Amino acid sequence: MLQQIHYQALRPQTTAHLAQTMTLLSLTVDELRNQIETELSNNPALELVEERRCPTCRRLLPKQGICPVCSCPQNNEPVVFVSAREDFYFGGERTDDDYPENDFPVVEDKLPTYVLRQVASELTREELSVAAYLLTHLDDDGLLTVPLAEIARYCHVSLLFVQRIQQIIQRADPIGVGSTSPQEALLVQLDVLSESRKVPQLARDMIMEAMNLLSRRQYAELARQFHVPIRQVQQVAHFISENLNPFPGRSSWGDGRQSNGSRTNVYRHPDILIYYVNDDPSGQLMVEIIMPISGTLQVNPLFRQALQQTSGENREACKEDLERASLFVKCLQQRNHTMKRLIQRVVSLQRDFILYGEEHLNSITRVQLARELDVHESTISRAVANKTVQLPNRKIIPLSAFFDRSLNVRSVLCDLISKETKPLSDSELAELLAARGFQVARRTVAKYRAMEGILPAHLRRAVSISK
DNA sequence: CTATGGCACGGATT
DNA sequence: AATCCGTGCCATAG
């Protein structure tokens with residue numbers, strides 16, 4: 001990556017500029033941070049100038065910016081801005097400003113921090129420290145490695161207290177995380193799932209009473225024990241393996257399907273935050289593009305001066321450094337500018353989706369957006385790829401979800417099925433969807449159903465009866 | 001005969 | 001140029 005940039009810096013300015021901007025555009029906060037840090041330490045011409053904070057709300061400000069939160073007039077358009085929040089993310093020097101997020105106990109691993117950030121808002125300081133301790137004892141599967149009692153002892157709190165915190169943690173994003181066993185994780189997931197859709201009672205019973213048989217797939221034995229036909233056991237087992245994950249730590253983003261196990265960057269900091277001022281839904285909607293460093297990057301003016309006075313072979317090297325530095329700064333600005341325009345447009349197009357949920361997602365394609373913003377479509381692709389957004393409800397979703405043509409259809413489909421009185425067949429569902437303006441083929445309904453882990457119509461009947 | 005899942009094709013996306 | 005996704009056709013199960 002670095003060599004690439006060195007190489008590009010030698011090329012004509014415009015090409016290099018373009019190429020590096022592209023590269024930067026496709027980086028996530030974490031990657032960008034690395035990039036900036038290496039560049040900073042390799043290039044003496046680059047400097048990081050001191051951060052400024054808004055006098056009223058103490059938010060970190062860009063070098064010449066005014067505070068976007070305090071100074072902006074209340075209006076209908078979401079405010080989009082770039083912010084530097086190094087301490088927010090990376091547990092840097094803690095300051096006494098008013099970010100509750102800064103009170104995070106520092107946890108190194110990715111999964112623990114990810115979970116902690118979700119639950120932090122609903123916990124007191126004391127609870128947070130217990131939560132942090134609990135989260136530091138997770139294995140790679142997201143399961144707890146020490147007994148609850150031990151945590152209670154270590155933190156000098158009651159067992160009940162720890163249990164309560166564990167329950168909150170278990171309901172955070174990789175649902176079931178922080179459970180003491182795969183079994184417990186499954187049960188928690190089942191609980192959460194049952195809030196939104198029908199869940200076979202048999203599944204719960206089987207997990208609770210015959211976990212070992214289940215994990216060994218001894219369906220015949222299960223059928224005997226629960227006095228149900230073996231087919232039904234298989235259905236339930238299918239349901240479980242489709243929808244539940246005994247190892248929450250291994251699950252991929254929100255969608256349990258296509259568990260391509262090679263997802264390393266699953267627990268990531270969001271690249272963009274969308275929220276209301278003070279969490280007040282009637283307030284101004286803010287969109288914050290995260291910069292992983294605080295302060296502003298600029299070319300060191302002293303270095304520029306020094307260049308005038310140096311001579312000889314040093315001069316060439318310095319000059320190169322200087323050029324690379326100014327290029328880097330320029331590219332970074334370009335990147336942020338593009339991101340800003342992009343997200344501005346996306347948010348205003350998908351406002352309803354952000355506010356009211358998946359069903360209101362508009363179908364927009366990257367190409368469409370590229371035309372509107374008058375940039376090349378690959379620019380959009382790069383900017384969207386691998387980025388994540390935190391919504392006002394604190395859910396973290398991939399930015400590409402805003403471009404998912406099928407998400408809204410899927411959620412409407414789920415809605416239809418959850419409200420159905422008798423099990424509807426796929427073709428009936430297809431008609432209903434068409435009536436609601438979603439033109440999808442019967443075959444596609446089947447696919448979506450599978451994606452959402454909903455059983456076929458004739459099996460749904462069997463399930464609801466046994467319930 | 002009907003409902004569903006598998007395979008493969010074509011267009012969109014990256 | 002490679003990959004993903006919606007869809008049509010066909011085989012199979014009920």
Side-chain angles (χ1 to χ4, degrees), chain A residues 18-19 21-28 31 219 228-239 241-243 252-263 265 271 335 338-339 342 345-346 349-350 358 361-373 375-388 398-414 416-417 420 422-434 436-465:
Chain A
L18 210 68
T21 307
M22 282 302 177
T23 315
L24 290 179
L25 199 60
S26 62
L27 298 182
T28 65
E31 292 159 350
Y219 299 140
V228 293
I230 188 163
R231 240 175 34 79
Q232 195 180 342
V233 172
Q234 283 167 347
Q235 287 157 19
V236 171
H238 179 254
F239 172 85
S241 70
E242 283 291 309
N243 297 292
S252 56
W253 275 108
D255 357 296
R257 65 209 81 121
Q258 322 141 346
S259 41
N260 40 347
S262 59
R263 302 289 286 272
N265 54 348
D271 300 277
R335 171 200 195 263
T338 311
M339 284 300 288
L342 168 67
R345 190 72 192 124
V346 169
L349 282 172
Q350 302 288 26
E358 297 180 343
L361 185 79
N362 284 317
S363 287
I364 52 174
T365 70
R366 294 164 174 78
V367 184
Q368 189 185 332
L369 200 68
R371 273 197 277 262
E372 287 183 26
L373 296 181
V375 292
H376 196 273
E377 52 191 80
S378 73
T379 310
I380 305 284
S381 273
R382 285 167 176 278
V384 167
N386 297 321
K387 300 253 173 24
T388 54
L399 181 54
S400 56
F402 286 95
F403 299 89
D404 191 330
R405 291 197 307 279
S406 71
L407 223 163
N408 51 350
V409 187
R410 285 211 301 269
S411 60
V412 172
L413 177 69
C414 288
L416 279 174
I417 291 176
E420 78 189 1
K422 74 176 174 59
L424 298 165
S425 74
D426 285 350
S427 35
E428 287 169 315
L429 286 169
E431 281 176 31
L432 279 171
L433 284 174
R436 293 199 180 197
F438 301 104
Q439 186 223 0
V440 281
R442 180 236 105 217
R443 186 64 190 81
T444 312
V445 173
K447 294 264 187 188
Y448 288 164
R449 215 170 24 70
M451 279 191 196
E452 302 292 342
I454 298 168
L455 291 167
H458 55 285
L459 297 189
R460 290 208 297 278
R461 176 192 295 278
V463 164
S464 53
I465 286 174

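Note that the structure is predicted; figures quoted are calculated from it, not measured. Proteins come first, then strands; the chains are lettered A, B, ... in the order of their sequence lines, and each starts at number 1.
Residue A:Tyr448 places at least one side-chain N or O under 4.0 Å from the OP1 or OP2 atom of C:dG6. For B:dT13, the OP1/OP2 oxygens have no side-chain nitrogen or oxygen of A:Ser381 closer than 4.0 Å.
Rounded to an integer number of Å, the gap from A:Gln368 CD to B:dT13 C1' is 14 Å. In this structure, the CZ atom of A:Arg449 is 15 Å from the P atom of C:dG6, given to the nearest Å. Whole-Å rounding puts the A:Arg382 CZ to B:dT13 P distance at 18 Å. B:dG5 atom C1' lies 10 Å from atom CG of A:Asp426, rounded to whole Å. A straight line from CD of A:Glu431 to P of B:dA3 spans 10 Å, rounded to a whole angstrom. Nucleotide B:dG5 holds its P atom 13 Å from the CE atom of A:Met451, rounded to whole Å. When rounded to the nearest whole Å, the span between CG of A:Leu433 and C1' of C:dT7 equals 15 Å. Distance, A:Leu369 CG to B:dT13 C1': 14 Å, rounded to whole Å.
Residues A:Arg335 and A:Leu24 come closest through the heavy atom pair NE-O, 2.8 Å. The two residues A:Ser400 and A:Val384 have their closest heavy-atom pair at CA-CG1, 3.6 Å. Across every non-hydrogen atom of A:Leu369 and A:Phe403, the tightest pair is CD2-CZ, 3.8 Å. Here the shortest heavy-atom pairing between A:Glu377 and A:Ala370 reads CA-CB, 3.6 Å. When all heavy atoms are compared, the tightest approach of A:Leu361 to A:Asp404 is CD2-O, 3.1 Å. Closest approach of A:Arg442 and A:Ala430 over heavy atoms only: CA-CB, 4.0 Å.
Using a 4.0 Å heavy-atom cutoff across all strands shown, A:Ser378 reaches no nucleic acid atom at all. Looking at heavy-atom distances under 4.0 Å, A:Val367 makes contact with sugar-phosphate atoms alone, never a base.
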Exercise. Encode nucleotides 8-14 of chain C as B, S and - characters from 5' to 3', where the letter depends on protein heavy atoms closer than 4.0 Å: B to the base, S only to sugar-phosphate, - to neither.
Key: BB-----
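How far CD1 of A:Ile380 is from CZ of A:Arg345: 11.0 Å, rounded to the nearest 0.5 Å.
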